[in-house]
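Treat the numbers as computed from the prediction; the structure is a model and nothing was measured. All values below were derived from every heavy atom in this structure, side-chain atoms included, with hydrogens, water molecules and symmetry-related copies excluded.
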Amino acid sequence: MASQADRHALYEQAVQDPERDVRFFSRVYRRLRGRDALRLREDFCGTAALCHAWAQSMPERTAVGVDLCQETMDWGTRRWIEPAGEEVASRIALVHGDVREPRGPKADLACGLNFSYNCFKTRAELREYFEAARAGLDKEGLFFIDLLGGMESMIEGVTDNDQGDFIYRWEQARFNARTHELLCYIHFVFPDGSEIRRAYTYDWRLWTAPELRELLLEAGFSKVHFYWEKTDREGDGTGVFYEPSFVENQEIWWTYMAAEA
Ligand SMILES: C[S@@+](CC[C@H](N)C(=O)[O-])C[C@H]1O[C@@H](n2cnc3c(N)ncnc32)[C@H](O)[C@@H]1O
């Protein structure tokens, strides 16, 4: 089963929910700016699933995806962009390049998701990326990142998520308390016992919420919002986010921040 499987398809199924991201970003932009965001830039776009969901969400919307890996973007072109038809495809551009090089056209909304900015391990590198993200935004633009935290984000361990036809296994192989460097792997495990080991490797520095806020402000953003998802009585996420002033820490959590250009 592992030899027949496609790691990008498994990743998208297990990790991403681009329609949810589009809904959340659109709602926040509308609340803060009183109009619809139309131009998206997706940094670290990978298979560009979000670019595709964005372009599908409104006929006026355009998307630019930026990634260093041409093979992953080619996969996304075959999976998402070509099947969407010429009209949708004409509103999506994928750029092979480094997210630290600002490029036009200016976006209403930019994002760097799946904690990808954690690949920048020094303040100077991360600030350079945030500066580039801001330079590529319209003056009313918003920049979204997601962040990972909680007690268990800073220890070694393995978490299995049953996806029905396979297990998505998240391994935190090594956390260095001195540097906050975190080495992680994604493995996929199948019912017949076969595996795709280390389908993806992440060599990160785990940045914390206050560090990210300070670096976004140092990079020139005027205001930073920290969002938290409301939960229901069972403690499950509701998809509704608010801006808390205090958050009690938990075992593991992820959430979004948005920075105003
Ligand atoms: C974790 S994936 C993110 C995929 C997708 N955006 C998501 O939210 O699931 C990280 C991607 O970042 C790309 N990448 C890493 N460093 C980069 C850089 N400096 N500039 C552009 N892309 C980079 C990798 O090629 C990879 O496709």
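Interatomic distance, CD of Q70 versus CG of L68, reported as 10.5 Å (0.5 Å rounding). Rounded to the nearest 0.5 angstrom, F130 CZ and L217 CG are separated by 10.5 Å. Rounding to the nearest 0.5 Å places CZ of R91 at 12.5 Å from CD of E86. Between the CD atom in E152 and the CG atom in N249 there is a gap of 10.5 Å [rounded to 0.5 Å]. Here the straight-line distance linking atom CD of E195 with atom CE of M1 works out to 13.0 Å at 0.5 Å rounding. In this structure, OG1 on T122 lies 8.5 Å from CZ on R127, to the nearest 0.5 angstrom.
Using a 4.5 Å cut-off on side-chain heavy atoms (C-beta onward), T159 and E171 make no contact. Side-chain contact between L40 and C111 is present, with heavy atoms from C-beta onward closer than 4.5 Å. Using a 4.5 Å cut-off on side-chain heavy atoms (C-beta onward), L142 and D108 make no contact. Side chains of I252 and M151 form no contact here, defined as non-hydrogen atoms less than 4.5 Å apart. L148 is listed as a side-chain neighbour of L206, based on a closest heavy-atom distance under 4.5 Å. Taking the side chain as every heavy atom from C-beta outward, L126 and L212 approach each other to under 4.5 Å. In this structure, the side chains of F175 and W204 stay at 4.5 Å or more apart for every pair of heavy atoms. Between R169 and I186 there is no side-chain heavy-atom pair separated by less than 4.5 Å.
Side-chain contact, N114 with Y11: a donor N or O sits under 3.5 Å from an acceptor N or O. Counted by atom type alone, H225 and E243 present one or more donor-acceptor pairs between their side chains at under 3.5 Å. Under the 3.5 Å distance criterion, with hydrogens and angles disregarded, a donor-acceptor pair is assigned to the side chains of E12 and T47. With 3.5 Å as the limit, one finds a donor-acceptor pair spanning the side chains of W75 and D6. Between the side chains of W170 and Q172, a donor-acceptor pair is found at a separation under 3.5 Å.
Remark: aromatic rings of Y227 and Y242 are distant, center separation not under 6.0 Å. Here Y129 and Y117 keep their ring centres 6.0 angstrom or further from each other. Under the 6.0 Å cut-off for aromatic ring centres, Y185 and Y202 do not qualify, their centroids lying 6.0 Å or more apart. In this structure, the ring of F241 has its center less than 6.0 angstrom from the ring center of Y256.
Around CD of E60, the count of heavy atoms belonging to other residues, nucleotides or ligands within 6.0 Å exceeds 12. In the displayed structure, R213 atom CZ is contacted under 6.0 Å by at most 12 heavy atoms of other residues, nucleotides or ligands.
Within the 3.5 Å criterion, the main-chain N or O of H180 finds no donor-acceptor partner in the side chain of N176. Distance alone, capped at 3.5 Å, places no donor-acceptor pair between the S194 side chain and the F190 backbone. For R174 (side chain) and L183 (main-chain N/O), no donor-acceptor pair under 3.5 Å exists by modelled atom type. Under the 3.5 Å distance criterion, the side-chain polar atoms of D98 are left unmatched by any main-chain donor or acceptor of E101. Side-chain atoms of E128 do not come within 3.5 Å of backbone N or O of A124 as any donor-acceptor pair. Looking only at distances, no side-chain donor or acceptor of R205 sits under 3.5 Å from a matching main-chain atom of F120. Of the possible donor and acceptor atoms, none in the side chain of W254 sits under 3.5 Å from a partner among the backbone N and O of F115. Using a distance-only test at 3.5 Å, with no hydrogens or angles considered, a donor-acceptor pair links the side chain of E229 to the main chain of G239. A donor-acceptor pair is defined here as one N or O able to donate and one able to accept, closer than 3.5 Å; such a pair exists between the side chain of E42 and the backbone of C51. No donor-acceptor pair closer than 3.5 Å links the side chain of K223 to the backbone N or O of A258.
Between A5 and I196, the shortest heavy-atom contact is CB-CD1, 4.2 Å. The shortest heavy-atom contact between G46 and T72 is C-CG2, 3.4 Å. Shortest non-hydrogen contact noted between R100 and A132 is O-CB, 3.4 Å. In terms of heavy atoms, V88 sits closest to A55 at CG1-CB, 3.9 Å. Contact record, R198 with H187: N-ND1, 2.8 Å, taken as the closest heavy-atom pair. Shortest non-hydrogen contact noted between L38 and W54 is O-NE1, 3.0 Å.
Between D203 and K121 there is a salt bridge, since a side-chain N of the basic residue sits under 4.0 Å from a carboxylate O of the acidic one. For E211 and R123, the salt-bridge test fails: no basic side-chain N is under 4.0 Å from an acidic carboxylate O. A salt bridge links R33 and E260; the closest N-O separation between the charged side-chain nitrogens and carboxylate oxygens is under 4.0 Å. We find that R23 and D21 are not joined by a salt bridge, their nearest charged nitrogen and carboxylate oxygen being 4.0 Å or further apart.
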(request) Could you go through the side-chain hydrogen bond (donor to acceptor under 3.5 Å, both in side chains) check for H8 and E71 one step at a time? (result) CA-CA 11 Å; H8 293 314; E71 179 268 324; 3.3 Å; yes
(request) For the pair L10 and F166, evaluate side chain to side chain contact (heavy atoms under 4.5 Å, CB included) and give the outcome as yes or no after the intermediate values. (result) CA-CA 8 Å; L10 301 172; F166 65 94; 3.5 Å; yes
(request) Decide yes or no on side-chain hydrogen bond (donor to acceptor under 3.5 Å, both in side chains) for R30 and S26, but give the supporting numbers first. (result) CA-CA 6 Å; R30 190 155 244 300; S26 301; over 6 Å; no
